[in-house]
Amino acid sequence: MAQTPRYRFAPSPTGYFHVGGARTALYNWILALQNNGVFVLRIEDTDDSRNNPQWTKGILEALAWLGIDSSDSHFEGPIFQSANAALHVAAAEKLFAQGVAYYCDLSTEDIQKRAKDSGKQGYDGHSRDRGLGPGKGRVLRFRVPPGSTIVQDEVRGSVEFDNSTIEDFVLLRGNGSPVFLLANVVDDITQGITHVVRAEEHLPNAPKQQMIWQALGHQPPSWAHVPVLVNEQRKKLSKRRDKVAVEQYREEGILAAAMKNYLMTLGWAPTGDTEIVPFEKITADFKLGSVNHSPAFFDIVKLQSFNADYIRAMPVGEFIRACEPWLTREKAPWQAHDYDAKVFAEIAPLVQTRVQLLQDVPSMVDFLFCDLPIIDADAFTKAFAPEWASLTLIEIREGFTTCEFTPDALKAVVEAVGEKHSLKLGKLQAPLRVAVTGRSVGPPLFEPIALLGRDATLRRIDIALAKKV
RNA sequence: GGCCCCAUCGUCUAGUGGACUAGGACACCACCCUCUCAAGGUGGCGGCACGGGUUCGAAUCCCGUUGGGGCUGCCA
């Protein structure tokens, strides 16, 4: 008797894939995995002029990046809503035939005028009993019955709506096309959806849609409205104002695992005192009933912290592979033929603990692959300000010409110069670091210098000294 | 305005009437470690919106106030 639970994620392809959408998709996906159900991906591409196939492709790619795609047997789709237009219209006609819906010929302006005259907001049911048939410019409206509608919500409990506060809403536009409210329900019915898990902004739609389900002769699904994600102003995340594109975070070098983990800590938390946990634990622990009721701030700083944690936890080999797109693409700050994967592999462990985003990697190693380092002027000035700077660097250069070119030997040379001048290594290395790497901060110095080789190192020191004098 | 939802450190959360001196994480600060920067370690700062109930006992239950949010389209 227990039927397979069927969840769905139904984005409309009107822009970049939103992190809030990703979170909703994740919830549905996890629930489907957990209950051995099905995750239906439905692209709601009906008639909106904003739709574009490019966005659909983006959604598919972003979901796949998060591990949600047809390679898993729980996945079904994508189904395109536009392909089912005939079913939507048929359902509308059925509702009209039943008398549950009626046509109305009032224009938006007419309705506004009537509302203004009567002092009441919204549509007043003017055409309820006018017996109008279908016609050009006429919309089909749902006849909201008296009484009240109770929505049983898995995260909020039961929510009651007084039907008198719900106006007779539109089902079919004047041009005959179905609106979201209808198309969404008809698709859910025909696709056998049993659980609707979506963002809280849809809660006011739930009573209307529940009435459509019932009028069409079906048991409504189990509803769950999860809190929205907000920005620092506590407003719902918007594509216009906020940085919400999943694709963009991916481009910056956020790891899918970090994104998934972080998203799941918004409005919910895994059991125990640790929030960075394997996805398997999240899948095992997650419960709709324990989802928070209030909006959550999407904190990019914390996301990045999660990401840094995930980066550090990677085996080095995996880290090196993950960095590759940022090192070999045309955006890399060096000539392709100057890049040496072997050299990068050598210092990779040193950069791994120093980046939050994969896109931060190139600037940490560029001095190894560019002919000459990109000198940071401020850092240079500051490093060479002390009177001992040039003097000690000349002595270090002396040592470098003859010493063994290994990290330990190089360090010994610098330490010896330091002892002679009573300077700590921390201070003394500053001019050397800027001369060789162009910056005052970066990975430990002597390993990269050894990698760079004697000739290149001496040349950089000479150039810095010449510039100074 | 109307309808609906919500309210624990700055932020994300744990907490489901006694184990709460309210726990963890991010951020911030200090110290330790250290060739810079990180990482790591230790410690610190910081919260139950307010007012009434109920109860032997309330962050937890009820009511009110205040504050925030969502919706209010022939968008989805």
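Numbered from 1 within each chain, the chains take letters A, B, ... in sequence-line order.
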If you look at every strand shown and take non-hydrogen atoms under 4.0 Å, does [X] touch a base, only sugar-phosphate, or nothing?
X	result
A:Gly267	sugar-phosphate
A:His202	base
A:Val139	base
A:Gly426	sugar-phosphate
A:Ala430	nothing
A:Glu415	nothing
A:Phe161	sugar-phosphate
A:Asn205	base
A:Leu140	nothing
A:Pro11	nothing
A:Leu445	base
A:Thr353	base
A:Gln112	nothing
A:Thr165	sugar-phosphate

- Query: Who passes side-chain hydrogen bond (donor to acceptor under 3.5 Å, both in side chains) against A:Gln210, sequence neighbours left out?
  - Reply: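 side-chain hydrogen bond (donor to acceptor under 3.5 Å, both in side chains) list for A:Gln210, sorted by chain: A:Trp223.
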Pairwise [atom1] distance for [N] and [M], with rounding to whole Å:
N	M	atom1	answer
B:G67	B:A22	P	29 Å
B:G53	B:A59	P	15 Å
B:A30	B:C45	C1'	10 Å
B:G23	B:C9	P	14 Å
B:C26	B:G41	P	10 Å
B:A25	B:C5	P	35 Å
B:C28	B:A39	P	10 Å
B:G46	B:G40	P	25 Å

- Note on the structure: Scoring nucleotides 41-49 of chain B by protein non-hydrogen atoms under 4.0 Å (B base, S sugar-phosphate only, - none) yields ---------
- Per-nucleotide protein contact along nucleotides 22-33 of chain B, 5' to 3', at a 4.0 Å heavy-atom cut-off (B base, S sugar-phosphate only, - neither), is -SBBSS------
- Taking the six-membered ring for Trp, are A:Phe142 and A:Phe169 parallel (under 30°), tilted (30 to 60°) or perpendicular (over 60°)? parallel
- Query: Parallel, tilted or perpendicular: which fits the ring planes of A:Phe298 and A:Tyr262, with parallel below 30° and perpendicular above 60°?
  - Reply: perpendicular
To the nearest Å, how far apart are [X] [atom1] and [N] [atom2]?
X	N	atom1	atom2	value
A:Asn52	B:A76	CG	C1'	16 Å
A:Lys427	B:C37	NZ	C1'	18 Å
A:Phe319	B:A39	CZ	C1'	13 Å
A:Lys287	B:G15	NZ	P	10 Å
A:Arg198	B:C71	CZ	C1'	12 Å
A:Leu181	B:A76	CG	P	9 Å
A:His225	B:C5	NE2	P	12 Å
A:Arg312	B:G40	CZ	C1'	9 Å

- Query: If you count the non-hydrogen atoms of other residues, nucleotides and ligands that lie under 6.0 Å from NZ in A:Lys424, is the total more than 12?
  - Reply: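 Check fails, neighbour count at 12 or below.
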Pairing partner of [N] (Watson-Crick or G-U wobble, both distances under 3.5 Å):
N	value
B:C26	B:G10
B:C45	none
B:C3	B:G70
B:C61	B:G53
B:U36	none

- Message: Under the rule for ring pair (Phe, Tyr, Trp, His ring centres under 6.0 Å), what residues qualify as partners of A:Phe405, not counting sequence neighbours?
- Response: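 A:Phe405: no ring pair (Phe, Tyr, Trp, His ring centres under 6.0 Å) contacts found.
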- Query: Would you say the base of B:C5 and the side-chain of A:Arg156 have a donor-acceptor pair closer than 3.5 Å?
  - Reply: no
- Query: Any N or O donor-acceptor pair linking the side chain of A:Gln121 to the base of B:G1 at under 3.5 Å?
  - Reply: yes
- Message: Quick check: closest heavy atoms across A:Val291 and A:Pro227, and the distance to 0.1 Å?
- Response: CG1-CD, 3.8 Å
- Item | A:Asn261 versus A:Ile276, closest heavy-atom pair with distance | OD1-CA, 3.4 Å
- Would A:Arg8 and A:Asp187 pass as an ion pair if we require N to O under 4.0 Å? no
Are [X] and [Y] linked by a side-chain donor-acceptor pair shorter than 3.5 Å?
X	Y	value
A:Gln191	A:Arg42	yes
A:Arg173	A:Ser177	yes
A:Asn307	A:Tyr249	no
A:Thr271	A:Lys281	yes

- Start at the 5' end of RNA chain B and walk down; is the nucleotide closest to A:Ala296 or to A:Ala10 reached first?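 Going by which nucleotide is closer to the 5' end, it is A:Ala296.
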- Between A:Pro443 and A:Pro227, which is nearer to the 5' end of RNA chain B once each is assigned its nearest nucleotide? A:Pro227
- Check the pair A:Glu395, A:His421 against side-chain hydrogen bond (donor to acceptor under 3.5 Å, both in side chains), reporting the backbone distance first and the verdict last. CA-CA 11 Å; A:Glu395 290 178 21; A:His421 294 269; 3.0 Å; yes
- Any chance you could lay out the salt bridge (Lys or Arg N to Asp or Glu O under 4.0 Å) test for A:Asp376 and A:Lys382, step after step, and finish with the verdict? CA-CA 10 Å; A:Asp376 179 272; A:Lys382 205 173 164 200; over 6 Å; no
- Item | Sequence neighbours excluded, every pair satisfying side chain to side chain donor-acceptor pair (under 3.5 Å) that has a member inside residues 136-148 of chain A |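 Qualifying pairs: A:Ser148-A:Glu160.
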- Task: Quick one: do A:Arg114 and A:Asp110 satisfy salt bridge (Lys or Arg N to Asp or Glu O under 4.0 Å)? Show the steps, please.
- Result: CA-CA 6 Å; A:Arg114 292 178 66 85; A:Asp110 294 335; over 6 Å; no
Contact list (N/O, under 3.5 angstrom) for nucleotides 61-69 of chain B vs protein:
from  : atom 1 : to       : atom 2 : distance (Å)
B:G69 : OP1    : A:Lys235 : NZ     : 2.6

